[in-house]
Amino acid sequence: MAKSWEEINARIASGEAVVFTAEEFATLAADEGVKAAARRVDVVTTGTFGPMCSTGVILNFGHSDPPIRMAEIWLNDVAAYGGLAAVDTYLGVTQPSSTRGIEYGGAHVIEDLLRGKAVRLRATSPGTDCYPRTEIDTWVTLDDLNQAYFFNPRNAYQNYAVAVNTTDSVLHTYLGTLLPRLGNATYCSAGVLSPLLNDPTYRTIGVGSRIFVAGAPGYVAWQGTQHNPHTDRDSHGVPVRPAGTLAVIADLKAASPEFYSAATFTGYGVSSFVGIGVPVPVLDEDIAATLALTDADLTATIYDYGVAGRSRPSLGTVTYAELRSGSIEVEGKKVPTGPISSLPRARRIATELKRWITEERFAIAEPVELLPQPGSQAQKPLEITTREAI
Amino acid sequence: MARKRLDLTFPPRQSLKPIIYHLVRDYDLVPNILRAQIHPAQEGRMVLEVTGSKENYAAGVAFLEAQGLTVNEAASDIVLDEERCVDCGLCTAVCKPGALTLDPETQTLRFDKDKCVYCEACVIACPRRAITLTF
Ligand code: SF4
Ligand code: SF4
């Protein structure tokens, strides 16, 4: 019963496409079988809304008179990159404010822009013959900018760690506050709705895929940083640890603060929740089989964040169904769990993407290039070396 | 009957045991200690709920003040800003008394204030800064 991308897109264009969210599809497959579900459904929508640190925006301010080649740039006292052309910059979400620290950072500037607020732009420059101005202090809104787009080097991590703490003191991490002596466990994946857990071997999600980014239509631009297809996988081919990632691009002007939220992790730093949704075409029964997987079938690995080294010891595995139940067992102890990735928002994203496809006839795109496939590349560590040793 | 929440600040080296004892014995007030930060050499703080008759309550507060304690009746409150909350659930991982939980079906945040002990763990943990302690 194989379907082609063209056939599915024709059905989307004519308004006949049958679109289910990944949760709905899993229920349908459980009730009627994978075969029947694969026949009936054309596209399955996924969604995730978790903190994603490798996120940022490219902005172009336009030229002042006289013009300036901005070398040092601040937006609401948050430093932006000055190493691009005269009035281009990259603002990363984790950059803290020089006056308010991690309580306000790049992520908050982006959220303020999305909410229509004016942001103070300051820049300095040594001044050149063609760009004589040496200082500027003004205000900008999202509407004023020529271009403003997300370019996120790493979003939508395929699976993530479950964090626990076996030490005697509280730890503040990017996975939240970890209470001592296995006092709690936090985890960060949309599980059944997670984009890359639904297409574990990157058959349909690749460079050029049309996706949902923070409420805007966008694209997968490249493999994400730390994309690591070469990791342990279960019998369905689904990674049991952090694996694939996506670099994504989308127009900030079309995004919505409903699907983008700045975040501060006490004792750690600034980040932002980014809503990512990816449509997966039900090309055949193979892909339907992984789309049918539920939280009970998806596994995550528990790591002890009390160990500050690169290789944290694994303390076993659990399913997302166990994590969602509110407690898991680690080393014989009952440990309460808390998520970090918002399931209600993930559901809203998958539902919104479904609406785009069925009502707005949002076409899906076959990747123009596949992401690095399982077995093709391993994650390399950074070794500390000297010039002499090289 | 009155049931009030009190925020007490007391000077260094002030022992609290006899104070609580007197509240119970002399003023017939039933204390429920929600939170205490006591260090012999420093100023201490205690948040407690007391139940008793209106007259006894007033007399009890006067007694506390006579002992050199600062009594704040409009005790602090934990407030959840639902507009800022994104239902990530991270606060539920640090709320030991179970005041903050996720609805099993919708996975949206539920706040049962009756269970809150004002420990402020969630205030620090919430990445959206959606939970605040107000005075
Ligand atoms: S202050 Fe927050 S963490 Fe502490 S009991 Fe109340 S709701 Fe729970
Ligand atoms: S941690 Fe903050 S944003 Fe997350 S569910 Fe709790 S209150 Fe809402």
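Numbered from 1 within each chain, the chains take letters A, B, ... in sequence-line order.
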Where does B:Cys85 contact chain A at under 4.5 Å (heavy atoms): side chain, backbone, both or neither? backbone

With no hydrogens and no angle check, just 3.5 Å: does a side-chain donor-acceptor pair link B:Thr108 and A:Arg345? no

Atom group of A:Ser261 that falls short of 4.5 Å from chain B, counting heavy atoms: both

Quick check on A:Ile340 against chain B: is it the side chain, the backbone, both or neither that has a heavy atom closer than 4.5 Å? both

Minimum heavy-atom separation for B:Lys96 to A:Leu179, with atom names? CE-CD1, 3.3 Å

So, the side chain of B:Arg128 versus the backbone of A:Ala262: is there a donor-acceptor pair under 3.5 Å, distance only? yes

For B:Asp28, look at atom CG and say whether over 12 heavy atoms of other residues, nucleotides or ligands are found less than 6.0 Å away. no

Find the one option among A:Thr337, A:Thr264, A:Leu343 whose heavy-atom pairs under 4.5 Å with chain B are most numerous. A:Thr264

By a 4.5 Å heavy-atom criterion (distance strictly below it), what part of B:Glu83 contacts chain A: side chain, backbone, both, or neither? neither

Is the number of heavy atoms from other residues, nucleotides or ligands within 6.0 Å of NZ (B:Lys113) greater than 12? yes

Atom pair OG/CG of A:Ser341 and B:Leu90 - distance to nearest 0.5 Å: 11.0 Å

Using the rule given for side chain to side chain contact (heavy atoms under 4.5 Å, CB included), can you reason through A:Arg324 versus B:Leu102, listing the C-alpha separation, both sets of side-chain angles and the distance that settles it, and then say yes or no? CA-CA 10 Å; A:Arg324 291 253 177 251; B:Leu102 290 177; 5.7 Å; no

Taking the side chain as C-beta and beyond, is there a heavy-atom pair between A:Pro339 and B:Thr92 under 4.5 Å? yes

Taking side chain as everything from C-beta outward and backbone as N, CA, C, O, which of these in A:Glu258 sits under 4.5 Å from a heavy atom of chain B? Side chain, backbone, both or neither. neither

Can you tell me which of B:Cys88, B:Ala121, B:Cys91, B:Gly89 forms the most heavy-atom pairs within a distance under 4.5 Å of chain A? B:Cys88

Less than 4.5 Å apart, side chain to side chain, heavy atoms only: is that true for A:Phe49 and B:Asp87? no

Interchain contact, B:Cys95 with chain A, by part (heavy-atom threshold 4.5 Å): neither

So do the side chains of B:Ile124 and A:His172 get within less than 4.5 Å of each other, counting heavy atoms only? yes

Checking A:Ser342 side chain against B:Val86 main chain: does a donor-acceptor pair fall under 3.5 Å? yes

Any side-chain to backbone donor/acceptor pair from A:Asn184 onto B:Ala93? Under 3.5 Å, distance only. yes

Heavy-atom side-chain contact between A:Thr266 and B:Arg129 under 4.5 Å: yes

Under 4.5 Å from any heavy atom of chain B, what part of A:Leu178 do you find: side chain, backbone, both or neither? neither

